[in-house]
2 protein chains.
Amino acid sequence: MPAEAKVDASSARQEQRPESRPDSPPLTQRQEARRRRILHASAQLASRGGFDAVQMREVAESSQVALGTLYRYFPSKIHLLVATMQDQLEHMHGTLRKKPPTGETAAERVAETLMRAFRALQREPHLADAMVRALTFADRSVSPEVDQVSHQTTAIILDAMGLEHPTPEQLSAVRVIEHTWHSALITWLSGRASIAQVKIDIETVCRLIDLTAPGDAK
Amino acid sequence: MPAEAKVDASSARQEQRPESRPDSPPLTQRQEARRRRILHASAQLASRGGFDAVQMREVAESSQVALGTLYRYFPSKIHLLVATMQDQLEHMHGTLRKKPPTGETAAERVAETLMRAFRALQREPHLADAMVRALTFADRSVSPEVDQVSHQTTAIILDAMGLEHPTPEQLSAVRVIEHTWHSALITWLSGRASIAQVKIDIETVCRLIDLTAPGDAK
DNA sequence: CGGTAATCTAGAACAAGTTACAGACTTGAT
DNA sequence: ATCAAGTCTGTAACTTGTTCTAGATTACCG
């Protein structure tokens, strides 16, 4: 019934899905390529002018795809930008993993990691703007995707803490840290808080970790 | 030069501005009335269908004002909804002031106050949706207004803490509490967190206060 | 009063997200 | 090779936020 061969081990040998995405319908190579072109175009346009510069017609044109196809892959601009964020987060997680934070306490390590991520975002403030605005503007129809971003963020923070089996209290602290992280990003992006202020906020919230794990971990 | 008499003490005697808004150009009674009609229509439409239901043409029609006039009063939908939020916050602050929280510690009082506010929002989830989405989606052009909302929120929290002269550490804690408050609201509104979860997050972050003020206050 | 400048109104026009549709293309199965 | 079904393309239409314009109103000032 389908079209554009779902890649299996037959003719064109290629792994089903290079990424670890648990997609329902596996994509063909060409579809995977389209998807990547779209995400690339999205990130590129976002890097220029932020949220407003990511215009669906332009994304379609840049990625050599018809508008209807773009909407088949990403049912809305918000979906597209949240997917772009997932993509960037994977990069980021990989990068962060390579150089683990060096702080003594878990709180220090988390703050260090988040500030490192923050510095990465500073290098592409427009892109950060587009992704974060999309994330917070997302409504219920994007919940699964936003949740995945959230889980990825949680994973990064837990990595930094160096915990295998966090307690419920610690998970609560992580949730609050994520809240603070997102909201602080927004205030910075909209020019209502300085970078120094963001740093203070992150360090402040990270103290919550010490509250739940007075000893330490790892 | 102007039209529609800027109300002064001359002919039509009426106080300049019933509210405490530090507006640059004082408004006439009719202008004040228009402004109120617009805000009322905005809140009413928002209460129905949330952010999407607040359509500028509908707001204009509901408030008996031409579209161009609406845009003169509120230069964008975001401005309008943020102003609506300011309006609602004033109400809320007044209401909360009447029954101060009863908790022992500052942390308890703040958590109690925020949960009370949260329950108020639950009664009009669509309105909450519209206001919060607007708040987090606002770009730099709305910064002054968003800042005012933030200040109002800070005032509410400081009220609950019962502090006259908060220390810098305490102000940092308050900032983080606000971050958490906003972000937790978003996750609740988009259906990614339960009410219970929001409660936990708020209680968790409020512990930060105990960290900065081990004794107490008031 | 009468003049004049700002405001308001009604409605068209424009922009970008989204949807709809007809026809061409690709694929897997027969 | 051919068929059926799903996919992609190109394009127009629709929706809603925003801007623009011409003319009617309103308010201040002399």
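Here is the naming used below: chain letters follow the sequence lines, and residue numbers restart at 1 for every chain.
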A/Phe74 CZ - C/dT19 C1' separation (whole Å)
19 Å

How many Å lie between NE2 on A/His79 and P on C/dT19, as a whole number?
11 Å

Winner on side-chain proximity to B/Tyr71, out of C/dC8, D/dG17, C/dT27, is D/dG17

Any donor-acceptor pair under 3.5 Å linking the side chain of A/Ser42 with the backbone of A/Ile38?
no

With salt bridge (Lys or Arg N to Asp or Glu O under 4.0 Å) as the rule and sequence neighbours excluded, what pairs involving residues 114-127 of chain B come up?
B/Glu112-B/Arg116

Starting at atom CG of A/Leu70, determine the distance to atom P of C/dA20, rounded to an integer number of angstrom.
16 Å

Tell me the interatomic distance from A/Arg34, atom CZ, to C/dT26, atom P, rounded to whole angstroms.
10 Å

Among residues 57-68 of chain B, which residues get a heavy atom nearer than 4.0 Å to DNA chain C?
B/Arg57, B/Gln64, B/Val65, B/Ala66

Would you kindly give the CZ-to-C1' distance between B/Phe137 and D/dG17, to the nearest whole Å?
12 Å

Do the charged groups of A/Lys199 and A/Glu203 touch, with an N to O distance under 4.0 Å?
yes

Just how far, in rounded Å, is C1' of D/dG10 from CZ of A/Arg72?
15 Å

Using a 4.5 Å cut-off on heavy atoms from C-beta on, say whether the side chain of A/Thr113 contacts that of A/Ile157.
no

Euclidean distance, B/Phe51 CZ relative to A/Asp139 CG, rounded to 0.5 Å:
10.5 Å

Specify the separation, in whole Å, of atom CG of B/Leu80 and atom C1' of D/dG17.
12 Å

Return no unless some side-chain N or O of A/Tyr73 is found under 4.0 Å from OP1 or OP2 of D/dT7.
no

Side-chain atoms of A/Met56 come closest, of D/dC8, C/dC8, C/dT18, to C/dT18

In whole angstroms, the gap separating P of C/dC8 from CZ of B/Arg35 amounts to 13 Å

Output the single nucleotide from C/dC8, D/dC8, D/dT18 whose closest atom is nearest the side chain of B/Ser76.
D/dT18

Taking the side chain as every heavy atom from C-beta outward, state whether B/Gln86 and B/Glu145 have any atom pair closer than 4.5 Å.
yes

Side chains of B/Glu178 and B/Thr154: donor-acceptor distance under 3.5 Å anywhere?
yes

